[in-house]
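Reviewing the structure listed below.
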Amino acid sequence: MRRRRRLSPGKRLPAAQLIGPALFIALWAGASAAGQLDPAAIPAPWTVLRTGVHLWTDGTLPNDILTSLRRAASGFAIGLTAGIVLALAAGLSRVGEALIDGTVQLNRAIPTLGLIPLFILWLGIGETFKVAIIAIVVYIPIYLNTHAALSGIDSRFVELAEVQGLSKLQFVRQIVVPGALPGFFVGLRLGVTGSWLGLVVLEQINATSGLGYMMFQAQNYGQSDVILVGLVVYGVFGLASDSAVRLIERRVLSWRRTLSN
């Protein structure tokens, strides 16, 4: 018998997300050991590790990490709530869509970091404007992807719900939520990443602590190893948060049969 060709990607590799970063670090270490990289511009991995341990030991790094986590979490919580509420209002009502969708699309077209000067005038140069900018960075992808998923729900499911006599609450729970979850998780992953990207810039504006502030101060003194420590921490938190969202997504959407599972 002719053997059937397998077109699927195959079984999931263990710790697949770590293979790429591990290979990158190995190449970085090899190039540093071979003297192909300028230590003043790109320190070796072991130098960055030694600097990170020193910053952690003297208490600088833990304090900056906690400050950054607090800012990112506050902005993310506000953006997540706003994105979900606005997406549901626009996706389940033509009036809501007319009032909300155009405004969000306009906001999407404006570079979020370009709003920083205006938000400083409105909210001052303290913590409030930083949290507000992060919330905007987060809510836009969550809204866009959740709203797109709601708009993509097959109208036959709506007709079936009407025939079955489902209430509005039952319709939302049994039709809307399952249909919107795939798009919501895509937006959630983008929002989580966006919160860290926005934080890098915002913590360099009138901040006295945080990873971005630490990197900005290191730039003034030419400490490239400290800058790389900050970038590594940002990368680790970004990868960990994205992995957590993907794990939750696989658990919640375990009923779907896709290439990823």
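We're numbering straight along the sequence, starting at 1.
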Nearest heavy-atom pair of [X] and [Y]: which atoms, and what distance?
X      : Y      : answer
Pro43  : Leu228 : CD-CD1, 3.3 Å
Leu61  : Gly52  : CD2-O, 3.9 Å
Pro182 : Leu253 : CA-CD1, 4.0 Å
Gly187 : Ile142 : O-CG1, 3.5 Å
Pro141 : Leu190 : CB-CB, 3.7 Å
Pro39  : Ser224 : O-OG, 4.3 Å

Tell me if a side-chain donor or acceptor on [X] pairs with a main-chain N or O of [Y] at a distance below 3.5 Å.
X      : Y      : value
Tyr234 : Gly212 : yes
Gln204 : Val200 : yes
Gln36  : Ala31  : no
Ser68  : Leu211 : yes
Asp64  : Gly210 : yes

Q: Describe, in one word, how the ring planes of Trp196 and Phe237 are oriented to each other, choosing from parallel (under 30°), tilted (30 to 60°) and perpendicular (over 60°).
A: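 Trp196 vs Phe237 ring planes: parallel.
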
Q. Remaining members of Leu23's ILVMFWY cluster at a side-chain heavy-atom cut-off under 4.5 Å?
A. Leu27

Gap between atom [atom2] of [Y] and atom [atom1] of [X] - 0.5 Å precision:
X      : Y      : atom1 : atom2 : value
Ile116 : Leu202 : CD1   : CG    : 5.0 Å
Leu199 : Leu69  : CG    : CG    : 8.5 Å
Leu80  : Ile84  : CG    : CD1   : 4.0 Å
Ile125 : Ile205 : CD1   : CD1   : 7.5 Å
Tyr143 : Leu86  : OH    : CG    : 7.0 Å
Tyr221 : Phe216 : OH    : CZ    : 10.5 Å

Any non-hydrogen side-chain atom of [X] less than 4.5 Å from a side-chain atom of [Y]?
X      : Y      : value
Ser195 : Val137 : no
Thr67  : Tyr213 : no
Phe171 : Val177 : no
Asn107 : Leu115 : yes
Leu55  : Met214 : yes

Return each pair, listed once, that meets side-chain hydrogen bond (donor to acceptor under 3.5 Å, both in side chains) where at least one residue sits in [range]; pairs must be two or more places apart or across chains.
range            : result
residues 172-193 : Arg189-Asp242
residues 117-130 : Arg71-Glu127
residues 39-57   : Thr51-Asp225

Q | Option among Arg156, Gln164, Glu162 that satisfies the side-chain contact (heavy atoms from CB on, under 4.5 Å) test with Leu160 | A |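 Running side-chain contact (heavy atoms from CB on, under 4.5 Å) over Arg156, Gln164, Glu162 with Leu160 returns exactly one hit, Gln164.
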
ILVMFWY cluster, [X] and [Y] together (side-chain gap under 4.5 Å):
X      : Y      : value
Leu118 : Ile133 : yes
Ile110 : Val138 : yes
Leu166 : Val172 : no
Ile25  : Val53  : no
Leu197 : Leu144 : no

Q. For Val229 and Met215, what are the C-alpha separation, side-chain angles and deciding distance, and is it a side-chain contact (heavy atoms from CB on, under 4.5 Å)?
A. CA-CA 8 Å; Val229 168; Met215 294 167 61; over 6 Å; no

Q) Which residues pass the salt bridge (charged side-chain N to carboxylate O under 4.0 Å, His left out) test with Arg251, sequence neighbours left out? A) none

Q.
Looking at Phe157, I want to see if its CZ is surrounded by more than 12 non-hydrogen atoms of other residues, nucleotides or ligands under 6.0 Å.
A.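 Incorrect, the count does not exceed 12.
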
Q | Test log, rule side-chain contact (heavy atoms from CB on, under 4.5 Å), inputs Ile248 and Val245 | A | CA-CA 5 Å; Ile248 296 172; Val245 172; 5.7 Å; no

Q: Could I get the full list of side chain to side chain donor-acceptor pair (under 3.5 Å) partners for Asp38, not counting sequence neighbours?
A: none

(Q) Check Arg94 with Glu97, please: is the shortest side-chain N to carboxylate O separation under 4.0 Å? (A) yes

Q) Step by step, would you call Ile42 with Trp28 a side-chain contact (heavy atoms from CB on, under 4.5 Å)? A) CA-CA 9 Å; Ile42 307 179; Trp28 177 17; 3.6 Å; yes

